[in-house]
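Everything quoted here is computed from the prediction, not taken from an experiment. Numbers restart at 1 for each chain; the letters A, B, ... are given by sequence-line order, proteins then strands.
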Number of protein chains: 2
Amino acid sequence: MLSMRAKYALKALIYLAKVKDQGPVLIGDIAESQKLPRKFLEQILLEMKNLRILKSKQGKGGGYYLAKSPADIEMGRIVRVFNGPLALVPCVSVTAFEKCDECLDFDHCGIRRVMQKVRDVTAEILDGTTLEMLVNIEASESDADSMMYFI
Amino acid sequence: MLSMRAKYALKALIYLAKVKDQGPVLIGDIAESQKLPRKFLEQILLEMKNLRILKSKQGKGGGYYLAKSPADIEMGRIVRVFNGPLALVPCVSVTAFEKCDECLDFDHCGIRRVMQKVRDVTAEILDGTTLEMLVNIEASESDADSMMYFI
DNA sequence: AAGTAATCCTATAGAATTAATATGTTTTAG
DNA sequence: CTAAAACATATTAATTCTATAGGATTACTT
């Protein structure tokens with residue numbers, strides 16, 4: 001399952017994308033409007049700022065806002081940062097590759113080969129979905145309609 | 001990431017599928033040949049027996065063996081039992097559906113709609129892969145060859 | 001019937017991770 | 001100068017995960 005941190009990060013980003021022309025947004029506004037725990041969210045936003053996904057303005061009148069266009073922020077990136085590798089086993093991870101301790105025959109491991117496929121399709125979807133698309137998906141009426149965003 | 005329990009369960013099953021005509025197999029044999037911690041594996045095998053995935057024979061000359069044909073045991077089942085739901089968020093889980101606490105608008109949630117797609121393709125692969133296929137995949141020489149097992 | 005080899009069963013320890021809160025520091029507009 | 005805001009780090013509490021321990025039960029062999 002996705003960690004709360006990852007989910008909250010995505011929620012906050014989607015919100016920031018929706019109000020992106022209104023200048024800096026207060027942590028408190030994001031937390032309240034999205035029903036997220038304020039201090040926990042604070043950490044998450046800070047981390048995204050350090051990763052240059054967000055920018056911030058300190059002091060009175062300050063807040064957070066997107067560092068780049070919603071079209072340039074991929075869901076995959078956020079999930080990796082806050083939830084860890086997409087791969088279900090380390091031996092098919094691109095960002096955190098590692099052989100399994102108990103591995104007897106890397107080349108012929110069936111688990112690895114299947115999990116490689118799972119990772120690939122997952123990455124295709126998540127890396128292929130931008131914040132901009134997420135906003136559009138939320139604007140579409142039915143699940144069926146939103147499906148056309150996938151290849 | 002997949003839990004060790006899930007990985008060990010799969011390893012044990014693949015091994016049992018490979019030697020399936022040789023009668024009951026000792027826990028110790030499985031553990032040693034697959035480099036799995038013996039007592040931990042014991043729990044896992046017992047659980048699979050209670051789920052009717054394995055059968056066992058107690059006492060001298062006893063051991064574990066598959067309760068059904070490798071063609072009838074799907075990877076998805078094992079992952080669900082030992083790792084939990086395939087879904088990354090509870091609101092797209094078939095086996096453990098639950099709305100998110102912080103959910104504001106279920107019908108229009110972009111995260112949910114994308115994660116639904118991820119769950120669906122993952123389930124398609126894992127539920128579409130049987131133990132028998134895993135054994136065949138391990139017998140094929142290149143990763144490319146083994147790819148034809150996927151739809 | 002005894003002995004032994006095996007699974008069965010449950011408890012528990014220890015480590016790691018996660019979610020969240022707490023507390024204070026720094027920056028900046030007015 | 002003050003108040004409002006982000007910045008930064010430490011700590012807690014709960015949960016989960018991996019693994020081990022120790023005995024209870026079952027059944028084959030002699």
Please evaluate residues B:R112 and A:D143 with respect to the criterion salt bridge (Lys or Arg N to Asp or Glu O under 4.0 Å), reporting the C-alpha separation (whole Å), side-chain torsions for both, the decisive distance (0.1 Å), and the verdict. CA-CA 10 Å; B:R112 190 192 109 250; A:D143 282 14; 2.4 Å; yes
Answer yes or no: is there an ion pair linking B:K7 with A:D101, defined by an N-O contact shorter than 4.0 Å? no
B:L2 CG to B:I78 CD1 distance, which is reported to the nearest 0.5 Å: 11.5 Å
Is the closest basic N to carboxylate O distance between A:R113 and B:D145 below 4.0 Å? no
Select from B:K49 and B:K60 the residue whose nearest nucleotide in DNA chain C is closer to the 5' end of that strand. B:K60
State which of D:dA6, C:dT7, C:dA5 makes the closest approach to the side chain of B:Q58. C:dT7
So A:L45, base contact, sugar-phosphate only, or nothing? Heavy-atom distance under 4.0 Å. nothing
For A:S3 and A:F82, indicate whether the former's side chain and the latter's backbone hold a donor-acceptor pair under 3.5 Å. yes
Please report the interatomic distance OG1(B:T129) to CG(B:N136), rounded to the nearest 0.5 Å. 11.5 Å
Which part of the nucleic acid, if any, lies within reach of B:G28 when heavy atoms closer than 4.0 Å are counted: base, sugar-phosphate only, or nothing? nothing
Kindly express the pairing pattern of DNA chain D in dot-bracket notation, using | wherever a base pairs with another strand and counting only Watson-Crick or G-U pairs under 3.5 Å. ||||||||||||||||||||||||||||||
Determine, for nucleotides 15-21 of chain C in 5'-to-3' order, which nucleotides have protein heavy atoms under 4.0 Å from the base (write B), from only the sugar-phosphate (write S), or from neither (write -). ----SBB
